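Each remark here refers to the structure printed beneath this line.
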Amino acid sequence: MKPKKHRAPFECQRCNDCCQGRGGIFLEAGEIAAAAALVDLSPDQFIARHCRERDGRYEVLVGADGACGLMGPQGCRIHQAKPAICRRWPFFPGILANPSAFEDARQACPGIDPDISHEEFVAYARTQGYSEEKS
């Protein structure tokens with residue numbers, strides 16, 4: 001019998017599928033400078049070109065195709081300084097709390113180990129500081 005192949009519960013494959021969709025990606029004020037530096041802009045230029053202010057925060061603009069406006073030919077242009085919400089994927093409270101939502105995420109995201117159970121995924125998420133509680 002072959003030993004079970006072990007891989008991390010989640011390893012980003014940079015497939016960019018999670019970078020599709022309209023809105024909801026926010027940069028906190030403290031994240032702007034690092035993101036701006038990666039695209040050779042000042043923070044003010046970055047905000048003017050890539051964000052809109054909404055509810056006191058900065059929402060990343062999306063293109064006509066629904067893709068994040070910070071996507072480039074090689075993927076995310078600010079991957080090293082991506083917003084907190086992007087860093088959190090796929091450990092969102094709804095995915096951790098709901099086995100059905102986890103199954104949907106696992107089917108959609110090639111970075112999630114296809115052999116991991118919801119319980120194992122939640123246990124791993126907790127070791128990484130994530131929980132089912134909304135923050």
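As the structure is a prediction and not an experimental result, all values here were calculated from the model. In what follows, residues are counted from 1 in the order of the sequence shown.
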* To do: Indicate yes or no for a side-chain donor-acceptor contact from R106 to the backbone of H118 under 3.5 Å, with no hydrogens or angles considered.
  => no
* To do: Indicate if V60 and M71 have the same hydrophobic cluster label, given that clusters are the connected sets of ILVMFWY residues with side-chain heavy-atom separations under 4.5 angstrom.
  => no
* Closest non-hydrogen atom pair, A35 against A81 -> N-CB, 3.9 Å
* Asked: What's the shortest heavy-atom distance between Y130 and R87, and which atoms?
  -> OH-O, 3.8 Å
* C68 versus H50: any side-chain heavy-atom pair under 4.5 Å? -> no
* **Verify same cluster id: I47, L61 (apolar side-chain graph, 4.5 Å)** => no
* To do: To the nearest 0.5 Å, tell me how far R126 CZ sits from L96 CG.
  => 8.0 Å
* Does the E132 side chain pair with the main chain of G94, one donor and one acceptor, at a distance under 3.5 Å? -> no
* Identify the heavy atoms of N16 and C76 that sit nearest to each other, and give their distance. => OD1-N, 4.2 Å
* Starting from the C-alpha separation in whole Å, work towards a yes-or-no answer on side chain to side chain contact (heavy atoms under 4.5 Å, CB included) for F102 and I112. => CA-CA 10 Å; F102 166 73; I112 299 173; 4.1 Å; yes
* From R52 CZ over to Y58 OH, what is the distance, rounded to the nearest 0.5 angstrom? -> 13.5 Å
* To do: Please check if the distance between the ring centroids of F91 and F121 is under 6.0 Å.
  => yes
* Structure fact -> E31 and A84 have their tightest heavy-atom pair at OE2-N, 2.9 Å
* Which of parallel (below 30°), tilted (30 to 60°) and perpendicular (above 60°) describes W89 and F92? -> perpendicular
* Structure fact -> Here the gap from C86 atom SG to I78 atom CD1, rounded to the nearest 0.5 Å, amounts to 7.0 Å
* To do: Tell me, yes or no, whether the heavy-atom count around Q80 atom CD, taken from other residues, nucleotides or ligands under 6.0 Å, exceeds 12.
  => yes
* Is the backbone N or O of R57 less than 3.5 Å from a side-chain atom of D55, with the two atoms forming a donor-acceptor pair by type? -> no
* Structure fact -> In short, G24 meets I85 closest at the heavy-atom pair O-CD1, 3.7 Å
* Heavy-atom pair of closest approach, residues F26 and P83 -> O-CB, 3.4 Å
* Structure fact -> One should read off an interatomic distance between F46 CZ and L27 CG, to the nearest 0.5 angstrom, of 5.0 Å
* To do: Ignoring hydrogens and angles, tell me if any N or O in the side chain of R77 forms a donor-acceptor pair with the backbone of L38 under 3.5 Å.
  => no
* Asked: To the nearest 0.5 Å, how far apart are CG in L70 and NE2 in H79?
  -> 13.0 Å
* To do: Find the distance between SG (C18) and CD (Q13) and round it off to the nearest 0.5 Å.
  => 11.0 Å
